[in-house]
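Being a predicted model, the structure only gives us computed values, none of them experimental. Residue indices begin at 1 and follow the sequence shown.
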Amino acid sequence: MARSYQLKGTKKRAAPPSGIDFAALLNAQQLAAVTSKPGAALVIAGAGSGKTRTLTHRVAYLLEQGMEPYHILLLTFTNKAAGEMLARVGQLVPQDMGGLWGGTFHAIGNRILRRYGDLLGYSKGFSIMDREDQTSLLTQVRKESGLGKDGNKQDKRFPKSNVLADIYSITQNLDAKLDDVLESRYPQLEEYFDAIRTLHEAYEEKKLANNAVDFDDLLCKTLTLLESKKEVREHYQNKFRAVLVDEYQDTNPIQSRMIDVFAGKHRHLMVVGDDAQSIYSWRGADFRNIMGFSQRYPGATVYKIETNYRSVPEVLALANESIQINRNQFEKTLVAARESKGCLPAMVPVQDPNQQASFIGQRIEDLLDDLGLAYSDVAILYRAHFHSMEVQMELTQRGMPFRLTSGPRFFEQAHVKDVSAFMRFVANRRDEVAFKRMLKLVNGIGDVTADKLWQSWLGCAASSNDEPLPESFSDLLLGFRVPSRSEAEWKQLAYTLDELIENHEPVAPKAMFTSIIEGVYDDYAKAAFSNYEQRMQDIDQVKRYSEKFATLDEFLSKLSLETNTDREEPEDDDKIVLSSVHQAKGLEWPVVFIIWLTQGMFPNRNALEADDYEALEEERRLFYVAVTRACDQVYLLHPMVRPGGRGWSDDYYQCPSHFLTELPTDFMEEWDVGNVW
């Protein structure tokens with residue numbers, strides 16, 4: 001008979017006293033959420049209400065109650081947000097925060113796949129492809145399949161690789177079937193549905209063969225692991241005893257399911273968000289996640305945080321009046337903590353886009369002269385990027401500095417990706433995209449030769465990630481056939497790769513940069529780029545950045561996981577900001593101009609023509625987000641005429657946006673703008 005032995009409950013280690021006076025640091029609504037009991041909780045945090053403050057103090061409160069950092073998971077949408085929150089918690093609590101898991105959904109997915117990816121057929125050093133890499137691989141898959149051709153010629157109507165990437169991405173983010181997405185969103189491609197399905201299967205096989213994942217896979221394959229592998233699921237459910245989620249209204253179906261799995265055992269889940277700022281359905285965010293939270297978690301407590309610390313009362317009054325028109329929402333009213341400055345939001349009818357631009361330029365000059373504002377205190381927001389054209393021209397003519405928030409991410413620039421291709425290949429010898437990008441730096445090697453060299457490489461035992469890194473790449477590569485004009489540069493590339501390994505292990509990333517630049521890339525860049533000096537300064541900056549990382553895998557993961565929202569601007573960047581409203585979410589400026597507030601522009605034409613009330617409500621939420629970016633002043637502009645481009649007879653009369661006409665006039669002050677003739 002087995003001997004009986006009874007375990008006793010483990011005494012909780014007393015957390016170091018933090019000395020935090022939560023009641024003194026938080027308002028009553030924040031305090032209620034921060035000090036709530038374990039369980040499911042939905043925190044509706046209005047714009048400018050101290051959402052980050054609430055989350056960070058919640059983490060600090062849990063630690064003070066005796067919870068260990070490694071039992072806490074904090075999920076965010078940007079690495080910057082995660083970093084700021086953890087830094088603030090570290091300032092509040094005298095405790096080592098190293099064990100706390102905090103980061104984006106994609107970063108957490110990456111950590112889990114690095115540990116358990118072999119259960120899905122991936123080795124630890126898998127590559128993470130960005131969109132450019134993804135389209136390159138899809139192009140290769142199309143080429144190998146022979147699909148998309150009309151006889152021997154390319155079918156010009158067949159969807160291009162970037163369109164295929166969009167189709168596959170939205171399918172994953174919506175957690176939908178490919179057939180359903182094709183039928184609902186891409187009916188114009190009906191004759192190619194079979195080919196698109198076939199290419200999708202081939203693309204998935206190609207990624208696995210290349211030991212590569214795309215950005216969406218970091219979510220989808222992680223969810224597959226958690227749901228299909230009991231040992232993985234139970235490990236993380238036991239580990240995470242408290243799960244906190246930022247910007248919950250932006251979660252897509254995959255992210256929502258991930259959250260539910262992580263919180264599946266302890267049911268200690270706090271999600272923070274604002275239904276009134278749910279504006280990303282076009283990229284898969286599901287408004288139903290936040291609205292249906294209490295149905296998925298019966299008994300969940302709902303907290304509302306309504307004190308706004310950003311905007312003056314007049315701005316909030318306009319925002320409140322606008323958003324209350326939406327039917328599907330958590331009712332709340334933002335209350336200003338700031339005092340009035342006696343300035344109503346300005347509704348500014350203008351004759352046409354040129355007068356709109358002229359008004360903005362002159363008004364900014366007035367504000368700088370009268371109030372002593374800086375250029376960086378001003379933002380010009382719009383529904384779509386093309387709305388900004390006349391404004392850009394006007395600001396340029398006036399010599400006023402500005403910056404656009406669009407453009408490639410720093411780490412996605414061609415020269416940075418060229419250099420990192422060498423590193424990616426060393427980390428993952430099945431990375432076809434990195435291999436071919438590296439080869440195309442060699443004079444005389446194009447697509448056909450690169451394909452042949454890739455096949456030659458696959459014939460080497462060293463191409464398998466299951467084998468140790470070779471002692472020498474050159475011993476293998478110099479046996480491949482290359483064009484005679486490529487031989488010298490090919491040798492140099494092979495010898496450079498030799499310098500990236502030592503004793504069958506990758507050298508430090510910093511040392512790799514030195515070898516790649518001196519061995520290959522410096523000469524290439526001088527011939528390829530007119531702004532050679534700037535490009536090399538960029539690479540040197542990444543080289544210095546690489547010093548933070550002990551291993552190549554950590555460094556490459558960080559490069560891949562950086563998002564556009566994490567890009568930092570110089571603190572002394574005194575420029576007017578031109579931004580889409582979508583990209584402006586989470587930011588604030590003393591003065592905001594919202595342009596092109598006309599029917600068909602904002603709200604956009606698709607929402608109006610579809611007669612879709614849900615789509616129109618999202619457009620109104622977008623307007624709400626735009627207004628609540630303003631701290632002191634907001635200008636609402638609507639051109640009355642839109643030039644058609646071929647003379648006056650082709651001009652179009654523009655109706656004001658009903659986001660303006662549906663509001664009582666006493667919430668705004670109408671301006672009458674006159675021209676000087």
Side-chain angles (χ1 to χ4, degrees), residues 47-48 50-52 78-81 83-84 87-88 277 308-312 314-316 319 336-338 341 343 345-346 348 356-385 387-410 534 537-538 541 562-597 622-623 625-637:
K51 169 179 61 67
T52 300
T78 70
N79 294 312
K80 182 179 180 181
E84 287 179 353
R88 290 194 196 183
Q277 298 186 71
N308 176 286
Y309 296 93
R310 174 187 299 154
S311 305
V312 294
E314 292 82 359
V315 170
L316 293 185
R338 296 180 59 200
K341 290 195 173 184
C343 180
V348 189
Q356 176 176 251
S358 296
F359 171 82
I360 291 172
Q362 182 173 314
R363 187 61 188 148
I364 292 174
E365 289 179 347
D366 292 342
L367 291 168
L368 267 59
D369 292 339
D370 297 343
L371 301 181
L373 297 179
Y375 287 117
S376 56
D377 291 328
V378 179
I380 301 163
L381 306 183
Y382 36 82
R383 177 64 179 81
H385 180 70
H387 295 170
S388 69
M389 183 182 70
E390 291 85 3
V391 176
Q392 291 186 52
M393 295 171 64
E394 178 72 19
L395 297 181
T396 300
Q397 185 175 348
R398 288 176 180 263
M400 304 174 81
F402 66 91
R403 63 178 172 86
L404 295 163
T405 58
S406 55
R409 294 185 289 134
F410 183 82
Q534 178 61 53
Q537 287 174 12
D538 288 346
Q541 183 177 342
E562 285 290 344
T563 64
N564 197 41
T565 50
D566 292 321
R567 182 176 57 189
E568 297 184 2
E569 299 292 341
E571 292 182 2
D572 60 350
D573 189 19
D574 186 21
K575 297 177 181 177
I576 301 162
V577 173
L578 274 66
S579 173
S580 70
V581 183
H582 286 102
Q583 290 173 308
K585 182 175 171 291
L587 304 176
E588 62 182 54
W589 295 269
V591 179
V592 170
F593 295 84
I594 307 173
I595 65 175
W596 274 113
L597 281 164
L622 192 62
F623 175 69
V625 167
V627 171
T628 54
R629 299 312 93 200
C631 301
D632 301 326
Q633 297 186 33
V634 60
Y635 295 83
L636 311 168
L637 293 100

For residues E394 and S358, determine if any side-chain heavy atom of one lies less than 4.5 Å from a side-chain heavy atom of the other.
yes
Between G361 and L395, which heavy-atom pair has the shortest distance, and what is it?
CA-CD2, 4.5 Å
Atom of S579, atom of A584 and distance for their closest heavy-atom approach
OG-N, 3.6 Å
Step by step, work out the side chain to side chain contact (heavy atoms under 4.5 Å, CB included) result for F623 and V581.
CA-CA 8 Å; F623 175 69; V581 183; over 6 Å; no
Donor-acceptor pair, N308 side chain versus A47 backbone, under 3.5 Å?
yes
L367 vs Q633, side chain to side chain contact (heavy atoms under 4.5 Å, CB included): CA-CA, chis, key distance, verdict
CA-CA 10 Å; L367 291 168; Q633 297 186 33; 3.8 Å; yes
Matching residue for V592 among V627, V577, L381 - test: side chain to side chain contact (heavy atoms under 4.5 Å, CB included):
L381
Using side-chain heavy atoms (C-beta onward) and a distance below 4.5 Å, is R363 in contact with V348?
no
Can you measure from CZ (F359) to CG (D366) and round to the nearest 0.5 angstrom?
8.5 Å
For E314 and K341, what are the C-alpha separation, side-chain angles and deciding distance, and is it a side chain to side chain contact (heavy atoms under 4.5 Å, CB included)?
CA-CA 8 Å; E314 292 82 359; K341 290 195 173 184; 5.7 Å; no
Inter- and intrachain pairs under side-chain hydrogen bond (donor to acceptor under 3.5 Å, both in side chains), touching residues 585-594, at least two apart
E247-K585, D250-K585, R310-E588
H582 to R383 - nearest heavy-atom pair and separation:
CE1-NH1, 3.7 Å
Give, for atom CD1 of I380 and atom NE2 of H387, the distance between the pair rounded to the nearest 0.5 Å.
14.5 Å
More than 12 heavy atoms of other groups within 6.0 Å of Q397 CD
no
Would you give the length of the straight line joining atom CD of Q356 to atom CZ of F593, rounded to the nearest 0.5 angstrom?
10.5 Å
Closest heavy-atom contact between S388 and L404?
OG-CD2, 4.5 Å
Mind checking whether Y635 and V591 have side chains closer than 4.5 Å, heavy atoms only?
yes
If you round to the nearest 0.5 Å, how far is CD1 of I594 from CG of L622?
9.5 Å
When every non-hydrogen atom of V315 is compared with those of A630, the smallest separation belongs to CG1-O, 3.8 Å
In chain order, what residues pass the salt bridge (charged side-chain N to carboxylate O under 4.0 Å, His left out) check against R338, with sequence neighbours excluded?
D632
To the nearest 0.5 Å, what is the distance between NZ (K575) and CE (M400)?
14.0 Å
Supply the atom-to-atom distance F402 CZ to T396 OG1, rounded to the nearest 0.5 angstrom.
4.0 Å
Checking R403 against D573 for the side chain to side chain contact (heavy atoms under 4.5 Å, CB included) test, could you report, in this order, the C-alpha distance in whole Å, the side-chain angles of both residues, the deciding distance, and whether it holds?
CA-CA 9 Å; R403 63 178 172 86; D573 189 19; 3.0 Å; yes
Under 4.5 Å between any side-chain heavy atoms of E390 and I595, yes or no?
no
